[in-house]
Number of protein chains: 2
Amino acid sequence: MEKIDLREKVLDAAEKLYYAKGFTAVGMDELRATAGVSLKRIYALFPAKTDIIAAVLQRKHNEWESSLHRAVLEAGTDAHARLLAVYNLLEQWFCSEEFRGCAFINAFGELGGTNPEVARIVKEHKADFQMQMAKFAKESGLSSELAYQLSLLAEGAQTTAAISADPQAAIQARAAAEVLIAASLRS
Amino acid sequence: MEKIDLREKVLDAAEKLYYAKGFTAVGMDELRATAGVSLKRIYALFPAKTDIIAAVLQRKHNEWESSLHRAVLEAGTDAHARLLAVYNLLEQWFCSEEFRGCAFINAFGELGGTNPEVARIVKEHKADFQMQMAKFAKESGLSSELAYQLSLLAEGAQTTAAISADPQAAIQARAAAEVLIAASLRS
DNA sequence: GACCTCCGAGAACGGTCGTTCTCGGCTCTG
DNA sequence: CAGAGCCGAGAACGACCGTTCTCGGAGGTC
C-alpha cells in the first residue's frame, strides 16, 4: 500500500467520523479501527490529531471548490442558471443520508474558539466561497453585493437544512435568490 | 446565597465559557473557578455536565425569544419595520466583542451528532424562530414562504458574521430582506 | 467549652484521551 | 537456514476528564 493511499484511507475515515460525531468525540483508536490503519502508521503520516483535522478540512475545501465549479459549468451560460446552480448543488447534498450541516461551520463552532489554525482554514473557506460567488455574478454583469446576499442565503440554507432536517431549505433559498437576481437585473 | 442565585451564577459562567471555547473544551473545574461555586454545590444543582449544557441552551432560548419580541415591539406597527427589526437586532449582536456565532448552531455541530437532547433543543429553538417570523409576516399580511426566506437570511448572516468576523453580514441580510419583502408586496 | 451541622477545598477514583513504546511475528536477503 | 529490518496489535504512559468523597474548619446552639 502506497503512502498516499494510506493517507487517503485515514482522511476518508476521519472525514466520515468527525463529520458524523464531531471532532473531540472521535478518539484516535476509533479512527484507527475505521480506517484500518495502525496507530503507528497514522502517527507516521500526521504529527498529531490536530493535523488530521486540518488535513480533512483542507481536502473538503478542495472537493467543495471543484464540485461548485463543476455545477456551475454544467449549468451552461445563462446568467440565472449559473448563479442558481449552487442551490441545486445544495439540494442534492441536503438529501444525502449522512448530511449534518457544513463541516466548516461545525468545526468553527467546536474548535474555532481554541484552535486558531482551524479558525483560519474555515475563514478562508468561506471567503473563497464568497469570492467564487462574486466572480460568477460579475461574469453575468451582477453586483458583488448581490453575490454576498446569495451566499448568505446559501449559508442559511445549510444550517437550517441540517438542524431542521429539511432539504426544502435549498428550494426556498433558490426561490429567494431568483427574486434577488430579478430585482438586481431590473435596477 | 439563595439556591436560585447560585444556579444563575453557574449558568452565567457556563454560558460565557461554553460559548467562547466550545462545550467539551471547558472542564468542570474551570467552570467551578469562573462561577465561584464549589463542585459540591454545582452537582447538587445539576445531575451532570450535560444538564448544565441543556439548561444553558434553554435559558439562552428564552432570552433570545424575549429580545426578539422586544425588538419587534419597539419597531412599531409598520410591516416593513417589524420584519426588519430582527436584522437590526442581529447587527447589534454581531458588534459585541465576544460574538462567536449562534450558540445553538455551535452546539448542534459539536454535540448534535452524539447528544439527542441537545439536537432536540436546537431544533426546537430554530423551529420557534421560524414560527415567530411567520407570525410577524402574517400580521403584516405576508406569506409564510417569505418568512422562511427571511429566516434563511438571518441564519446565514449569523454564521457569516461569526466566521468572517464581519458585522456587515447583518446589513446585507437586511438589504436582501427589503428586496424580498418589496417583491412579496408587489405580487 | 462541647457538640452538631454545614460546606469549601481539594484529593481520590475510574475512565478515556492523545501519544509512544514493546513485543512478537512476518518478509526479504544472502 | 540465519539474520535483519519492518510493522501490526496492543500495552503503557501521563494527562485530564466528570464525578464523588474526605477532611477540617466555620458558625450556630445549649
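A, B, ... follow the sequence lines: proteins, then strands. Residue 1 opens every chain. Reckoned from all heavy atoms, side chains included, excluding hydrogens, waters and symmetry mates.
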Between atom CE in B/M28 and atom P in C/dG8, what is the gap in whole Å?
14 Å
How many Å lie between CG on B/D29 and P on C/dA9, as a whole number?
11 Å
Describe the nucleic acid contact of B/V26 in one word from base, sugar-phosphate, nothing, applying a heavy-atom distance below 4.0 Å.
sugar-phosphate
Cation over ring face, B/K60 and B/Y19, 6.0 Å, 45°:
yes
What is the distance, to the nearest angstrom, from the CD1 atom on B/I42 to the P atom on D/dC17?
14 Å
Would you kindly give the CD1-to-C1' distance between B/I53 and D/dC17, to the nearest whole Å?
13 Å
Tell me the interatomic distance from A/K21, atom NZ, to C/dC17, atom C1', rounded to whole angstroms.
15 Å
I want to check a possible cation-pi pair here: A/R100 against B/F108, using under 6.0 Å from ring centre and within 45° of the ring axis as the test.
yes
Residue met sooner reading DNA chain D from 5', once A/S38 and B/G27 are mapped to nucleotides
A/S38
Winner on side-chain proximity to A/K40, out of D/dT22, C/dT22, C/dT19, is C/dT22
When the distance from OH of B/Y43 to P of C/dG10 is rounded to whole Å, what number comes out?
18 Å
At under 4.0 Å between heavy atoms, what does B/K49 touch on the DNA or RNA strands: base, sugar-phosphate, or nothing?
sugar-phosphate
Starting at atom CZ of B/R41, determine the distance to atom P of C/dC6, rounded to an integer number of angstrom.
12 Å
From the list B/V86, B/I181, B/L142, side chain to side chain contact (heavy atoms under 4.5 Å, CB included) partner of B/L150 resolves to B/I181
Counting heavy atoms from C-beta on, name the nucleotide in C/dT20, C/dG18, D/dT19 closest to the side chain of A/L39.
C/dT20
Rounded to the Å, how far apart are A/E30 CD and C/dG15 P?
19 Å
Given A/E15, which partner from the list A/K9, A/R59, A/K21 fulfils the salt bridge (charged side-chain N to carboxylate O under 4.0 Å, His left out) test?
A/R59
